[in-house]
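Down below is the structure, laid out as structure tokens.
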Amino acid sequence: MVVLDWAEHKSGNVSQVATIPREAFVGITENHIGFQPGDRIELRDLLYAALVQSDNIAAYTLAHYVGSQLQSSVPVPAGSKFTSADTFVSQMNALAKQLKMERTRFVNPHGIDDKVRPMPFSTAEDMARLTRYAMNKAGFRFYVSQKERQISFDRGGHKLAYLVRNTNELLGRDGIDGVKTGQTARAGECLILSANRESEIVKEGQMTSVFPRHLIVVLLGSTNRFPEGNQLVRVGWQLYDQWAAAGRQVDPQKVL
């Protein structure tokens with residue numbers, strides 16, 4: 001969302017080309033796409049790699065590129081060890097604060113927590129806040145709804161292509177249109193799902209009300225995320241239907 005917000009507000013566009021830095025490979029254990037330092041790739045394709053296939057090298061490269069753009073408008077003191085990725089992470093934490101994600105700390109662009117100090121952390125509630133914000137943006141919704149997408153990048157004048165596939169196995173089932181998987185040894189299997197049903201139209205006399213029906217499920221620390229996530233979506237709709245049938249009363253204490 002920091003990348004997409006930057007592109008929207010700073011007249012940036014996602015067809016700009018970034019170079020994958022060496023730092024993007026630090027602490028990375030998987031490189032399914034086969035990126036190498038020096039590869040040149042559009043921000044759009046980096047977003048597909050990061051959001052569809054959960055690629056950590058792509059996530060870091062986005063942070064490195066956009067962070068350097070942000071640094072140019074906010075000068076860093078000479079001799080500072082504050083990298084462009086650090087600048088980007090500070091924006092991630094600023095967005096978290098804006099969204100009242102009070103139990104969240106980001107320390108890097110991809111969430112890797114092995115041999116990292118201080119430790120990153122968050123909660124299901126905070127991730128739901130972030131998901132609500134992100135899914136209100138058409139661009140983000142489009143990226144995370146893609147089951148697969150061909151991306152391309154340049155290596156020494158040669159164009160290479162790769163088909164990224166969505167890591168969310170539930171995408172497209174039961175109205176599920178996103179959102180994202182994640183996994184580390186400490187965090188376990190994590191999954192955030194968005195599901196939609198057709199809006200409900202309620203007529204009362206001369207009045208007609210339209211109620212959009214959206215559901216967000218956040219699952220952290222799972223050992224079997226897709227069956228559990230699927231079950232939670234079904235439970236969520238049952239609770240939604242009960243709430244709607246009871247008159248859609250809202251408890252201020254339970255509102256994010």
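Small disclaimer: the values here were computed from a predicted structure and weren't measured.
When all heavy atoms are compared, the tightest approach of Ala195 to Asp174 is CB-O, 4.3 Å. Across all their heavy atoms, Thr167 and Ser54 have their closest contact at OG1-OG, 3.4 Å. Listed here is the closest heavy atom pair of Tyr240 and Pro212: OH-O, 3.3 Å. Shown here for Arg155 and Gly34, the closest heavy-atom pair between the two residues is NH2-O, 2.8 Å. Across all non-hydrogen atoms, the minimal contact from Tyr60 to Ala24 is CD2-CA, 3.5 Å. For Gln16 against Trp6, the heavy-atom pair with the smallest separation is NE2-CH2, 3.6 Å.
Side-chain contact check for Lys137 versus Glu8: some heavy-atom pair is nearer than 4.5 Å. Side-chain contact between Arg186 and Met119 is present, with at least one heavy-atom pair separated by less than 4.5 Å. Side-chain contact between Asp113 and Pro120 is present, with heavy atoms from C-beta onward closer than 4.5 Å. At least one side-chain heavy atom of Met101 sits less than 4.5 Å from a side-chain heavy atom of Phe106. Between Phe25 and Ile20, some side-chain heavy-atom pair lies under the 4.5 Å cut-off. For the pair Glu200/Val210, no side-chain contact is recorded, criterion being any heavy-atom separation below 4.5 Å from C-beta on. For the pair Thr208/Val202, no side-chain contact is recorded, criterion being any heavy-atom separation below 4.5 Å from C-beta on. Side-chain contact between Gln242 and Leu239: present, with at least one pair of heavy atoms (C-beta onward) separated by less than 4.5 Å.
Asn56 contributes atom CG, which lies 10.0 Å from atom CG of Asn31 (distance to the nearest 0.5 angstrom). Note: Arg129 CZ to Ile216 CD1 = 11.5 Å, rounded to the nearest 0.5 Å. Ile41 CD1 to Leu46 CG: the interatomic distance, rounded to the nearest 0.5 Å, is 4.5 Å. Between atom OG of residue Ser222 and atom CD of residue Gln183 there is a gap of 9.0 Å, rounded to the nearest 0.5 Å. Rounding to the nearest 0.5 Å gives a distance of 3.5 Å between CD1 of Ile28 and CD1 of Ile112. The distance from atom CG of Leu43 to atom CD of Gln69, rounded to the nearest 0.5 Å, is 8.5 Å.
Checked by atom type and distance alone, the side chain of Asn108 pairs as donor or acceptor with a backbone atom of Gly111 at under 3.5 Å. Using a distance-only test at 3.5 Å, with no hydrogens or angles considered, a donor-acceptor pair links the side chain of Gln146 to the main chain of Phe142. Checked by atom type and distance alone, the side chain of Asp39 pairs as donor or acceptor with a backbone atom of Gln36 at under 3.5 Å. With Asp86 contributing its side chain and Thr83 its backbone, the two residues share a donor-acceptor pair below 3.5 Å. Side-chain atoms of Gln53 come within 3.5 Å of backbone atoms of Arg165 as a donor-acceptor pair (strictly under, hydrogens ignored). Looking at Gln249, its side chain never comes within 3.5 Å of a backbone N or O of Ala244 through a donor-acceptor pair. Counting only distance, with no hydrogens or angles, the side chain of Arg225 and the backbone of Cys190 share a donor-acceptor pair below 3.5 Å. Not a single donor-acceptor pair under 3.5 Å links the side chain of Asp177 to the backbone N or O of Ser145. Here the side chain of Asp55 pairs no donor or acceptor atom with the backbone of Ala50 at under 3.5 angstrom. Checking side-chain atoms of Arg149 against main-chain N and O of Val52 turns up no donor-acceptor pair under 3.5 Å.
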Trace of the side chain to side chain contact (heavy atoms under 4.5 Å, CB included) decision for Tyr162 with His32: CA-CA 10 Å; Tyr162 183 88; His32 296 300; 3.9 Å; yes
Steps toward side chain to side chain contact (heavy atoms under 4.5 Å, CB included) verdict (Ile192, Leu219): CA-CA 6 Å; Ile192 301 179; Leu219 182 62; over 6 Å; no
Pair Ser68-Ser84, side chain to side chain donor-acceptor pair (under 3.5 Å): steps then yes or no: CA-CA 5 Å; Ser68 66; Ser84 56; 5.3 Å; no
Asp126/Arg105 under salt bridge (Lys or Arg N to Asp or Glu O under 4.0 Å): CA gap, chis, key distance, verdict: CA-CA 10 Å; Asp126 279 2; Arg105 176 173 68 200; over 6 Å; no
Side chain to side chain contact (heavy atoms under 4.5 Å, CB included) assessment of Asp5 paired with Tyr133: CA-CA 11 Å; Asp5 286 347; Tyr133 174 79; 2.6 Å; yes
Chi angles and distances behind the side chain to side chain donor-acceptor pair (under 3.5 Å) call for Glu42, Ser15: CA-CA 5 Å; Glu42 288 187 2; Ser15 61; 5.5 Å; no
Evaluation steps, side chain to side chain donor-acceptor pair (under 3.5 Å), between Asn168 and Thr181: CA-CA 6 Å; Asn168 179 6; Thr181 64; over 6 Å; no
Derivation and outcome, side chain to side chain donor-acceptor pair (under 3.5 Å), residues Thr19 and Arg40: CA-CA 4 Å; Thr19 300; Arg40 291 173 53 75; 3.2 Å; yes
Audit row: Ile33, Ile57, side chain to side chain contact (heavy atoms under 4.5 Å, CB included) steps and yes/no: CA-CA 9 Å; Ile33 296 174; Ile57 296 167; over 6 Å; no
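In this structure Tyr48 satisfies the ring-ring contact (aromatic ring centres under 6.0 Å, His included) test together with Tyr143, sequence neighbours excluded.
The number of heavy atoms from other shown groups lying within 6.0 Å of CE (Met207) does not exceed 12. For Lys97, the NZ atom sits in a loose shell: 12 or fewer heavy atoms of surrounding residues, nucleotides or ligands are nearer than 6.0 Å.
Figure legend: Arg248 and Phe211 shown as a cation-pi pair, the cationic atom lying under 6.0 angstrom from the six-membered ring centre and within 45 degrees of its axis.
Val14 and Leu70 end up in the same hydrophobic cluster when Ile, Leu, Val, Met, Phe, Trp and Tyr side chains are linked at under 4.5 Å. Note on Val218 and Leu215: separate hydrophobic clusters, where clusters join Ile, Leu, Val, Met, Phe, Trp and Tyr whose side-chain heavy atoms are under 4.5 Å apart, directly or indirectly. Cluster annotation: Leu130 is not connected to Leu191 through the hydrophobic network of ILVMFWY side chains, with a link wherever side-chain heavy atoms come within less than 4.5 Å. In this structure, Val164 is a member of the same hydrophobic cluster as Leu160, with clusters built from ILVMFWY side-chain heavy atoms closer than 4.5 Å. In the hydrophobic clustering of ILVMFWY residues, with side-chain heavy atoms under 4.5 Å counting as a link, Val255 and Trp243 come out together.
With respect to Asp241 and Arg197, a salt bridge is recorded, a charged nitrogen being found less than 4.0 Å from a carboxylate O.
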